[in-house]
Enquirer: 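Please find one structure pasted underneath; my questions will follow.
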Amino acid sequence: MKKRLDDLLRATVEYCFDAGLLKRGPIPEYVIEVPNNAAHGHFATNLAMTFASTQRRRPLDIASTIVDNLKDEQGILESTKIAGPGFINFKIRAREWRKLLVQILRERADYGRSLAGQGEKVIVEFVSANPTGPLHLGHGRGAAIGDTLCRILSFCGYRVEREFYINDAGEQIRFLGESIYSRFRQIRDPDYPFPEKGYHGDYILDLAAAVSRDLDLETLDREEAITLCAEKGKAIMLSEIREDLTRFRVDFDSWYSEMDLHNSGLLEDTLKAVRRASYLFEEDGALWIRTSEMGDDKDRVIRKSDGRFTYFASDIAYHLQKHERGFTRAIDIWGADHHGYIPRIKASLTAHGIPEDWLSVMLIQLVKLWEGGEEIRMSKRAGTFVTLRELMDDVGVDAVRFVFLTKNHESPLDFDMDLVRKQDSENPVYYVQYAHARICSIFRKAEAEGMVLPAEPGDLLGGLVLEEELDLIRTMSLFPSLLRDISLTLEPHRLTYYLTDLAALFHRYFNLGTKTPEHRIITSDSNLTQARLWLVDGVRIVVANGLRLLGIGAPEKM
RNA sequence: GCCCCCGUAGCUCAGGUGGAUAGAGCACCAGAUUCCUAAUCUGGGUGCCGCAUGUUCGAGUCAUGCCGGGGGCACCA
């Protein structure tokens, strides 16, 4: 609808140019928006105001010139008003809104889908948890945001690859092995020392038990045993991580191992490439990359003086790999504590001639858990943390995913266990899901009363005349552009707000019937009943599509 | 010291790439069910949008500085 209005306005301006009513020149950037005040109509544009400076005329004059010459060939406008400092406010005929409902009913599960992304190849890397422990809340938030974003991007016509980067080559894995081994030895010898940088969580005990079942740790020498513990432990953790993610409805297309990066020689190749670009230098026995010339605040070490590579080296190689794999765009979702890495990664990409905006990094802020009015403090090292698995057991996948998307990812999130456990309208996820269930219930009732909807709504929708009914359609019509906006701004949380709004509109509409029986959806007038059933079917479609993009179920009964 | 994020109603937070009179939920009070699910709804009121300059027709939104809170700085991962 916005597009049609835009075409109409441009045609009008062209006409005014031809007729000499406006000085010919470039049309300035302007917006068409849905005003937050309903009295300002369905759409408003600031066109006349942005025109003012180049036309050297008062915005109000320009507005009336435009309004007097509107090229509304198809008669979509019901009224046009000039208001305030020079806004033009439009109302669209009800007939046009009803046509949009027809479109929703036709497209069904595809409603909202678009080709906006033009098949652009995007790689989204998220979660990427170290396989040294179970997934915790922070990973869950990243997983929910990343997965929903991917679903939306795909729906908007991008070719999306979801990737999990496995940090399986560094010191941390060694500490994991030492921790497991130490716990094993402590079974016999409680005084056996535990590594200072080890992992204290109880899950290490389980790992020790599992590893020692398969291997005779007793007979191996310490080094050998630790290496094996590390390998086995890593494999077990990784498979648990996969299980948790599957249960959380997050599927990855690829799992990229840092170890492979080393073994396949890609790391060495990368270094050669960097060297060719002459951004490397040696100092104090270490190998450095001159990222400071590309916007980083200092140079960074790539290979330490002990001969081992830093993680940064793998990160550079990994990102160059992404680029070589043909992705025209990359999105990384990291914990906010990694923000310091952005400049150096971008700098090293720049050194290879990769444009700065090829990579977008989304930083996910902290999750704090609250229960009984108190914060539950968490620390992975100390082993006091709530895992994603425990959270799923406690409150369910739907609620967890929804809550993780109720805030901008750049804001810290307070996760209130008491609220999320509630299964009533205070819990936003139930509020939205219930809208869907309620509509299904209405349909069951209609069927029980022998109501059958024809295949196409035809002219029946003319019965939809209430402001509340047209409001619902208008809100539904925003869905496709909302998804496009989300894919551009990378702000998937906006979808939960939209669905909550739509659900509220629907519940309010439904409740009209409790006061005024003739506003009930199922009435004695069969034509009107059918029209209203089509309307709420539209709502059901949009809610279901939205929930699907959030990875949340749309129940038919609650 | 440098970098990132946050600061909007009593609380938790939205605020659609700068628009008109800044919103929602919770909390609080009062009400609604012979009815398609009361897992719902209706009504009642709040704001120096942290402060200050600037950019412009117009700023919660952009820029700069400051204040307050959180996080991060490594030849750690």
Side-chain angles (χ1 to χ4, degrees), chain A residues 31 33-37 39-40 44-46 49-50 52-53 58-59 83-87 89 130 132 167 169-173 175 197 283-288 297-298 300-306 308-312 314 335-343 363 365-366 368 370 406-414 416 419 422-428 430-431 433-435 437-446 448-449 478 481-482 485-486 488-489 491 493-494 496-498 500-501 504 506-515 517 520-523 529 532-533 536 557-558:
Chain A
V31 295
E33 58 175 10
V34 178
N36 39 28
N37 184 341
H40 296 142
T45 182
N46 61 354
M49 285 140 84
T50 59
S53 62
R58 290 175 37 233
F87 289 102
N89 297 336
N130 285 351
T132 53
N167 284 117
E171 299 271 281
Q172 295 306 314
I173 298 293
F175 294 139
K197 291 178 171 177
E283 197 176 292
D284 305 331
L287 193 61
W288 298 67
D297 49 3
K298 56 173 289 193
R300 305 289 169 176
V301 170
I302 269 192
R303 193 177 59 217
K304 297 181 267 186
S305 49
D306 66 5
R308 289 197 283 184
F309 289 108
T310 61
Y311 260 59
F312 181 46
S314 336
D337 52 339
H338 287 73
H339 86 264
Y341 293 77
I342 299 175
L363 296 176
Q365 287 290 333
L366 221 70
K368 282 189 200 162
W370 293 75
T406 51
K407 273 206 200 170
N408 188 313
H409 58 85
E410 286 187 342
S411 301
L413 175 81
D414 288 322
D416 182 346
L419 174 66
K422 279 192 189 168
Q423 308 218 341
D424 61 26
S425 62
E426 277 185 45
N427 187 338
Y430 286 94
Y431 188 77
Q433 287 183 313
Y434 179 51
R438 184 174 241 179
I439 294 169
C440 292
S441 168
I442 293 168
F443 270 85
R444 281 192 296 273
K445 160 111 179 168
E449 295 187 4
L478 298 175
S481 58
L482 171 78
D485 279 0
I486 291 174
L488 293 177
T489 57
E491 292 176 335
H493 71 283
R494 278 165 47 185
T496 56
Y497 282 88
Y498 171 79
T500 307
D501 275 354
F506 164 71
H507 286 309
R508 210 166 298 151
Y509 173 60
F510 175 90
N511 274 88
L512 286 179
T514 63
K515 265 193 210 149
R520 289 166 61 97
I521 291 161
I522 299 175
T523 66
T529 301
R532 288 182 177 165
L533 285 173
V536 297
K557 258 185 192 173
M558 287 174 78

Enquirer: What is the ring orientation for A:His493 with A:Tyr497, classed by angle as parallel under 30°, tilted 30 to 60°, or perpendicular over 60°?
Expert: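 Perpendicular, since the angle between the ring planes exceeds 60°.
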Enquirer: Roughly how far apart, to the nearest Å, are B:G25 and B:C5 at atom C1'?
Expert: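 It works out to 24 Å between them.
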Enquirer: Keeping the roles fixed (side chain from A:Thr500, backbone from A:Thr496), state whether a donor-acceptor pair exists under 3.5 Å.
Expert: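 Side chain of A:Thr500 to backbone of A:Thr496, a donor-acceptor pair under 3.5 Å: yes, one is there.
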Enquirer: Generate the contact string for nucleotides 42-47 of chain B. Rules: B means base contact, S means sugar-phosphate contact only, - means no protein heavy atom under 4.0 Å.
Expert: S-----
Enquirer: Using the side-chain heavy atoms of A:Met558, tell me which of these nucleotides is nearest: B:A39, B:C13, B:A38.
Expert: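 Nearest to the side-chain atoms of A:Met558, counting from C-beta on, is B:A39.
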Enquirer: Strictly below 4.0 Å: does A:Lys298 bring a side-chain N or O up to OP1 or OP2 of B:C75?
Expert: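 A:Lys298 to B:C75 OP1/OP2: side-chain N or O found under 4.0 Å.
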Enquirer: Which residues pass the ring pair (Phe, Tyr, Trp, His ring centres under 6.0 Å) test with A:Tyr434, not counting sequence neighbours?
Expert: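 Counting only residues at least two positions away or on another chain, A:Tyr434 forms a ring pair (Phe, Tyr, Trp, His ring centres under 6.0 Å) with A:His507.
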Enquirer: Got a sec, which residues hit salt bridge (charged side-chain N to carboxylate O under 4.0 Å, His left out) with A:Lys445, two or more places apart in sequence or on another chain?
Expert: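 Counting only residues at least two positions away or on another chain, A:Lys445 forms a salt bridge (charged side-chain N to carboxylate O under 4.0 Å, His left out) with A:Glu449.
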Enquirer: Base, sugar-phosphate, or nothing for A:His493, non-hydrogen atoms under 4.0 angstrom?
Expert: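 Result for A:His493 = sugar-phosphate.
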Enquirer: Looking only at atom C1', what distance separates B:G31 and B:G71, rounded to whole Å?
Expert: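 So the two C1' atoms sit 47 Å from each other.
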Enquirer: With A:Asp284, which residues qualify under salt bridge (charged side-chain N to carboxylate O under 4.0 Å, His left out), at least two apart?
Expert: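 For A:Asp284, no residue satisfies salt bridge (charged side-chain N to carboxylate O under 4.0 Å, His left out) once neighbours in sequence are set aside.
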Enquirer: Atom CG of A:Leu482 to atom P of B:U17: distance rounded to whole Å?
Expert: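 Value for this atom pair: 11 Å.
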Enquirer: Say you pick atom C1' in B:A59 and the same atom in B:G19; how far apart are they, in whole Å?
Expert: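 So the two C1' atoms sit 10 Å from each other.
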Enquirer: Tell me: CZ of A:Phe309 to C1' of B:A77, nearest whole Å?
Expert: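 One finds 17 Å between C1' of B:A77 and CZ of A:Phe309, rounded.
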Enquirer: For A:Asp485, give me all partners under salt bridge (charged side-chain N to carboxylate O under 4.0 Å, His left out), at least two apart in sequence or on another chain.
Expert: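 Salt bridge (charged side-chain N to carboxylate O under 4.0 Å, His left out) check on A:Asp485 returns A:Arg494.
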Enquirer: What residues form a side chain to side chain donor-acceptor pair (under 3.5 Å) with A:Glu33, not counting sequence neighbours?
Expert: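 Residues passing side chain to side chain donor-acceptor pair (under 3.5 Å) with A:Glu33: none at all.
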Enquirer: Hey, does A:Phe510 reach any base, or is it just sugar-phosphate, or nothing, if we go heavy atoms under 4.0 Å?
Expert: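 Answer is base: heavy atoms of A:Phe510 come under 4.0 Å of a base.
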Enquirer: Looking only at side-chain atoms of A:Tyr341, point me to the closest of B:G16, B:C76, B:A74.
Expert: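 Among B:G16, B:C76, B:A74, the one nearest the side chain of A:Tyr341 is B:C76.
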Enquirer: Which nucleotide in the list B:U17, B:C36, B:A14 gets nearest to the side chain of A:Leu488?
Expert: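 Output: B:U17.
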Enquirer: A:Lys304 near the nucleic acid: base, sugar-phosphate alone, or nothing, with a heavy-atom cut-off under 4.0 Å?
Expert: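 Answer is base: heavy atoms of A:Lys304 come under 4.0 Å of a base.
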Enquirer: Please find the pair of heavy atoms, one from A:Met49 and one from A:Gly86, that lie closest to each other, and give the distance.
Expert: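 A:Met49 and A:Gly86 have their closest heavy atoms at SD-C, 3.5 Å.
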Enquirer: Determine whether a donor-acceptor pair (N or O, by modelled atom type, separation under 3.5 Å) exists between the side chain of A:Thr310 and the backbone of A:Ile302.
Expert: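 Yes.
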Enquirer: Which nucleotide in the set B:U37, B:C41, B:A14 lies at the smallest distance from any side-chain heavy atom of A:Tyr431?
Expert: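 In terms of side-chain proximity for A:Tyr431, the closest of B:U37, B:C41, B:A14 is B:C41.
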Enquirer: Using the test side chain to side chain donor-acceptor pair (under 3.5 Å), find all partners of A:Thr529 that sit at least two apart in sequence or belong to another chain.
Expert: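 Counting only residues at least two positions away or on another chain, A:Thr529 forms a side chain to side chain donor-acceptor pair (under 3.5 Å) with A:Thr523.
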Enquirer: For a quick check of understanding: with a heavy-atom distance under 4.0 Å over all strands, which category does A:Ala52 fall into, base, sugar-phosphate or nothing?
Expert: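 Answer is nothing: A:Ala52 stays at 4.0 Å or more from every strand.
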Enquirer: Expressed as a whole number of angstroms, how long is the span from A:Asp337:CG to B:A74:P?
Expert: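 After rounding, the gap between these two atoms is 13 Å.
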Enquirer: Nearest-nucleotide wise, let me know which of A:Asp414 and A:Ser305 is further upstream toward the 5' end of RNA chain B.
Expert: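 That would be A:Asp414.
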Enquirer: Roughly how far apart, to the nearest Å, are B:C48 and B:G10 at atom P?
Expert: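 One P to the other, the span is 7 Å.
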Enquirer: Quick one: which protein N/O atoms are closer than 3.5 Å to N/O atoms of nucleotides 3-9 of chain B? Pair and distance per line, please.
Expert:
| from | atom 1 | to | atom 2 | distance (Å) |
| --- | --- | --- | --- | --- |
| B:C3 | O2 | A:His339 | NE2 | 3.0 |
| B:C4 | O4' | A:His339 | NE2 | 3.4 |
| B:C5 | O2' | A:Glu410 | O | 2.6 |

Enquirer: Assign A:Arg303 to base, sugar-phosphate, or nothing according to its heavy-atom contacts below 4.0 angstrom with the strands shown.
Expert: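 Answer is nothing: A:Arg303 stays at 4.0 Å or more from every strand.
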Enquirer: Quickly work out the A:Phe175 CZ to B:A77 P distance and round it to whole Å.
Expert: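 To the nearest whole Å, that distance equals 8 Å.
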Enquirer: Is there side-chain contact between A:Thr406 and A:Leu413, with heavy atoms separated by less than 4.5 Å?
Expert: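 Yes, side chains in contact.
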Enquirer: Over all strands shown, is A:Arg308 touching base, sugar-phosphate only, or nothing at heavy-atom distances under 4.0 angstrom?
Expert: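 Here A:Arg308 touches no strand at all.
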Enquirer: Taking CD1 from A:Ile521 and C1' from B:U37, how many angstroms apart are they, rounded to a whole number?
Expert: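 For the pair A:Ile521 CD1 and B:U37 C1', the rounded distance is 12 Å.
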Enquirer: Could you give the distance separating B:U37 and B:G43 at their P atoms, to the nearest angstrom?
Expert: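 Rounded to whole Å, the distance is 23 Å.
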Enquirer: Which atom names give the shortest non-hydrogen contact between A:Val31 and A:Asn46, and what distance separates them?
Expert: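 In this case the closest contact between A:Val31 and A:Asn46 is N-OD1, 2.9 Å.
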Enquirer: Please name all residues satisfying salt bridge (charged side-chain N to carboxylate O under 4.0 Å, His left out) with A:Arg444, sequence neighbours left out, ordered by chain then number.
Expert: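 Result, salt bridge (charged side-chain N to carboxylate O under 4.0 Å, His left out) vs A:Arg444: none returned.
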Enquirer: Between A:His40 and A:Phe87, is there a side-chain heavy-atom distance shorter than 4.5 Å?
Expert: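 The answer is no; the side chains never approach within 4.5 Å.
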Enquirer: So, A:His409 side chain and A:Leu363 main chain: donor-acceptor pair closer than 3.5 Å or not?
Expert: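 Yes, the answer is positive, given that a donor and an acceptor are paired below the 3.5 Å cut-off.
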Enquirer: Provide the distance between the two P atoms, one in B:U8 and one in B:G60, to the nearest whole Å.
Expert: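 Between the two P atoms, the distance is 15 Å.
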Enquirer: Any side-chain N or O of A:His507 below 4.0 angstrom from OP1/OP2 of B:G25?
Expert: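 Answer no for this pair, as no side-chain N or O of A:His507 is under 4.0 Å from OP1 or OP2.
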Enquirer: Give every pair of a protein N or O atom and an N or O atom of nucleotides 18-20 of chain B that lie under 3.5 Å apart, one pair per line with the distance.
Expert:
| from | atom 1 | to | atom 2 | distance (Å) |
| --- | --- | --- | --- | --- |
| B:G19 | N7 | A:Asn46 | ND2 | 3.2 |
| B:G19 | O6 | A:Asn46 | ND2 | 3.4 |
| B:A20 | N6 | A:Asn89 | OD1 | 2.6 |
| B:A20 | N1 | A:Asn89 | OD1 | 3.2 |
| B:A20 | N1 | A:Asn89 | ND2 | 3.2 |

Enquirer: Relative to the 5' end of RNA chain B, which residue comes earlier, A:Ala504 or A:Lys407, by the nucleotide with the nearest heavy atom?
Expert: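 Closest to the 5' end, via its nearest nucleotide, is A:Lys407.
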Enquirer: Suppose we screen for ring pair (Phe, Tyr, Trp, His ring centres under 6.0 Å). Which residues come up paired with A:Tyr311, at least two apart in sequence or across chains?
Expert: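 Ring pair (Phe, Tyr, Trp, His ring centres under 6.0 Å) check on A:Tyr311 returns nothing, list empty.
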Enquirer: Check this for me: does the side-chain of A:Tyr434 come within 3.5 Å of the base of B:A38 through a donor and an acceptor?
Expert: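 When only heavy-atom distances are counted, A:Tyr434 does not reach the base of B:A38 through any donor-acceptor pair under 3.5 Å.
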Enquirer: Can you tell me the distance, in whole Å, between the CG atom of A:Asp485 and the P atom of B:U17?
Expert: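 My rounded result for the distance is 6 Å.
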Enquirer: Would you kindly check whether a donor in the side chain of A:Thr310 faces an acceptor in the base of B:C75, or vice versa, at under 3.5 angstrom?
Expert: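 For A:Thr310, whose side chain was compared with the base of B:C75, there is no donor-acceptor pair (under 3.5 Å).
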Enquirer: Just how far, in rounded Å, is C1' of B:C13 from CG of A:Asp416?
Expert: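 Taking atom C1' of B:C13 as the reference, CG of A:Asp416 is at 13 Å.
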Enquirer: Between which residue ranges does RNA chain B form stems of three or more consecutive Watson-Crick or G-U wobble pairs, both distances under 3.5 Å?
Expert: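 Result, WC/G-U stems under 3.5 Å: B:1-7 with B:67-73, B:10-13 with B:23-26, B:28-32 with B:40-44, B:50-54 with B:62-66.
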Enquirer: Measuring only the C1' atom in each nucleotide, how far is B:A77 from B:G70? A whole number of Å is fine.
Expert: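 Here B:A77 and B:G70 have their C1' atoms 22 Å from each other.
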Enquirer: Does a side-chain N or O of A:Arg494 approach OP1 or OP2 of B:G15 to a distance below 4.0 Å, or not?
Expert: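 Indeed not, no polar side-chain atom of A:Arg494 lies that close.
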Enquirer: If we take the C1' atom in both B:C13 and B:C73, what is their distance in whole Å?
Expert: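 Straight-line distance between the two C1' atoms is 30 Å.
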Enquirer: Take the protein atom CD1 of A:Ile522 and the nucleotide atom P of B:C36, then report the distance between them rounded to whole Å.
Expert: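 So the two atoms are 9 Å apart, to the nearest Å.
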Enquirer: Contact between A:Ile521 and A:Tyr509 at the side-chain level, heavy atoms closer than 4.5 Å - yes or no?
Expert: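 With C-beta onward as the side chain, the pair touches.
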